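As the structure is a computational prediction, the values presented were derived from the model and not from experiment.
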Amino acid sequence: METTANDVYDVIVIGGGAMGLATAYYSGKRNAKTLVLEQFTFVNQQGSSAGVSRQFRIPYPEKYMVQMALDSLPYWKELQSHTETELLDKVGTLWFGDPEVHSTEGNIAKAEIALKELNVPYTKLTAKEVEEQYNFRNLPDNYTGLFQADGASINFKATIETLLERCKKDANTTLLEQSPVTHIERKDDLFHLMTPNGYYAAKKIVITPGPYINSVINLLDFTIEATYWNMASAYFKKTDEKVQYPTWFVFQNAEGDNGNQFYGFPEVDWDHPDYIRVAPDFVIEPLDEPYDRSFIPNEKELNYTSEWVKNHMTGLDTEPCFTSTCLIALSKIPNKELIIDFAPSYVPNHEDIVVYATGWAAKFTPLLGKILSDMALDGKSDYDISNFQLGYKFFRALQTTNQNLPL
């Protein structure tokens, strides 16, 4: 089946989660004819856009990540102008725990240094002050804390829905769901993509399918070395209506297979009112493939979380409720969380293929959409993405050539 002129787009975005929709939003704003192909349905629970809430926070141990969080704020403000629903519930960010512990979230001492160097205000706390001011208890005396007032709870579902509605209203943007890409071929200076619903062509492609990244880039004969976390989550009913929490993360040493890293959210009216979300920031058994995920949380992870709530939080029942999972891909390259890059140079027409993959990035959603859109339309981004590139380390060529039939 041949593609027709009506099927040709400036940009095709593969993956319609938060990052894919944000990319399409900014491409549409530049009057680029844009198509979003989503393998499931929009606003689904299958990947890393699952769930309702995320944390927005400024603290990071790396200055460039702190700066990126700060730089994302004007983009959040612009997106907020399109909805009456509050997207960022500003409640502050609390980091506390052992200052010597390094975790997937970073390190308290290094985060303090980064905040100081960028003149970001924060309050330093002792273990006793964390207990007195933020409703925690039984913390070891050596624990320290920092509170940064610009942290927020992201209404992530509303964020995705706002982006989706803006894309639907944009005359330049087409949205197709239940449309997994099964073949990609380059001919006549265009990428030709096959889906169960038809064939589509574009000058540029942006690949944002979250944890399903390899199912797409393998079609282009390269792959990403990643591991997959099926992250558990639970809600705990408030037993004291006066108790409230900021967004928070605790840094602790692991005990046995207990990762001992936990994080939490405030009570919000758009996400199970009268309940507080608390979750483990570790998995006991990482997955080799994203399709191995389960929607049932790991029982041990939930038990560890419930035990931590019992021992260290006040005003909450200890029975986990409304449990769920969220699938995330993490790069195996040390200290490299996000991948924002063009395809590696050994891939034909690599400069026309933009790839976003791995890591926790909900807090950067609108900024990343702008970056990815600019990379596709301009072949570059004015934003410094050098810390997220180094594609020769992230990617590797497949050993066998793609055997898909030509279109």
Side-chain angles (χ1 to χ4, degrees), residues 1-4 6-25 27-28 32-44 46-49 164 167 173-224 226 228 289-291 293 327 329 339-344 347-358 369 372-373 375-377 395 397-398 400-407:
M1 177 178 176
E2 294 292 328
T3 55
T4 66
N6 290 335
D7 296 319
V8 177
Y9 294 84
D10 294 315
V11 180
I12 292 179
V13 180
I14 305 173
M19 298 308 164
L21 291 173
T23 302
Y25 169 66
S27 293
K33 188 177 180 183
T34 304
L35 170 66
V36 182
L37 297 174
E38 166 55 45
Q39 67 172 323
F40 303 117
T41 58
F42 292 105
V43 200
N44 68 72
Q46 304 287 332
S48 53
S49 290
L164 182 62
C167 289
T173 303
T174 301
L175 302 167
L176 293 177
E177 55 188 12
Q178 303 286 6
S179 297
V181 176
T182 57
H183 177 79
I184 302 174
E185 184 178 64
R186 179 80 176 188
K187 66 178 183 179
D188 302 326
D189 296 323
L190 294 170
F191 292 100
H192 295 255
L193 282 65
M194 182 170 69
T195 79
N197 298 314
Y199 296 83
Y200 309 94
K203 301 171 186 176
K204 308 288 184 73
I205 56 176
V206 181
I207 302 174
T208 61
Y212 305 96
I213 181 70
N214 279 327
S215 68
V216 178
I217 64 175
N218 286 180
L219 301 174
L220 296 162
D221 292 324
F222 72 105
T223 192
I224 285 176
Y228 305 92
E289 296 294 336
Y291 295 99
R293 70 88 50 90
L327 185 63
I339 299 174
I340 307 169
D341 209 348
F342 295 97
V347 176
N349 305 101
H350 70 98
E351 68 279 1
D352 296 325
I353 303 169
V354 179
V355 181
Y356 165 80
T358 74
L372 296 172
S373 173
M375 289 172 69
L377 297 177
F395 306 128
L398 292 178
T400 58
T401 302
N402 192 319
Q403 297 297 314
N404 285 335
L405 295 176
L407 298 179

Which value, rounded to the nearest 0.5 Å, describes the distance between H192 atom NE2 and K187 atom NZ? 5.0 Å

Checking the side chain of D10 only, and the main-chain atoms of A32 only, is there a donor and an acceptor separated by less than 3.5 Å? no

If you measure from CG on L164 to OG1 on T173, what distance do you get to the nearest 0.5 Å? 11.0 Å

Tightest non-hydrogen contact, residues S27 and T34, listed as CB-OG1, 3.3 Å

Separation between OG1 of T208 and CD1 of I340, rounded to the nearest 0.5 Å: 12.0 Å

Give a yes or no on whether a salt bridge exists between D189 and K203, defined as a side-chain N under 4.0 angstrom from a carboxylate O. no

Is the side chain of K204 donor-acceptor paired with the backbone N or O of D352 at a distance under 3.5 Å, no angle test? no

T195 side chain to S179 side chain, donor-acceptor N/O pair below 3.5 angstrom: no

Minimum side-chain heavy-atom gap S215-Y291 below 4.5 Å: yes

Closest non-hydrogen atom pair between Q178 and T41, with its separation: NE2-CG2, 3.4 Å

Any side-chain to backbone donor/acceptor pair from S49 onto A18? Under 3.5 Å, distance only. yes

Please tell me whether E38 and N44 have a donor and an acceptor in their side chains that are separated by less than 3.5 angstrom. yes

Looking at side-chain heavy atoms only, is the closest gap between L37 and L193 below 4.5 Å? yes

According to the interplanar angle, ranging from 0 to 90°, do the rings of Y212 and F40 count as parallel (below 30°), tilted (30 to 60°) or perpendicular (above 60°)? perpendicular

Rounding to 0.5 Å, atoms OH (Y356) and CD1 (I339) come to a distance of 9.5 Å

Does the side chain of I224 reach to within under 4.5 Å of the side chain of N214, using non-hydrogen atoms? yes

Distance-minimising heavy-atom pair for G210 and S48: CA-OG, 4.0 Å

Check: I353 and V206 side chains under 4.5 Å, non-hydrogen atoms: no

So, do F342 and M375 sit near enough that their side-chain heavy atoms are less than 4.5 Å apart? yes

Where the side chain of R293 meets the backbone of Y228, is there a donor-acceptor pair that is under 3.5 Å apart? no

Exam field: side chain S373 to backbone G369, donor-acceptor pair closer than 3.5 Å: no

Would you compute the distance between atom CG of L190 and atom CD1 of I12 and round it to the nearest 0.5 angstrom? 9.0 Å

Could you give the distance from CD1 (I205) to CG (L35), rounded to the nearest 0.5 Å? 11.5 Å

Go through the steps to decide whether V8 and Y200 satisfy the test side chain to side chain contact (heavy atoms under 4.5 Å, CB included), and finish with yes or no. CA-CA 6 Å; V8 177; Y200 309 94; over 6 Å; no

Just so I know, are the side chains of F42 and V36 near enough to count as touching, which here means a heavy-atom distance under 4.5 Å? yes

Evaluation steps, side chain to side chain contact (heavy atoms under 4.5 Å, CB included), between D341 and V354: CA-CA 6 Å; D341 209 348; V354 179; over 6 Å; no

Close side-chain approach of L21 to V13, heavy-atom, < 4.5 Å: no

Please report the shortest heavy-atom distance between V355 and A343, naming the atom on each side. CG2-N, 4.3 Å

Taking the side chain as C-beta and beyond, is there a heavy-atom pair between F191 and N349 under 4.5 Å? yes

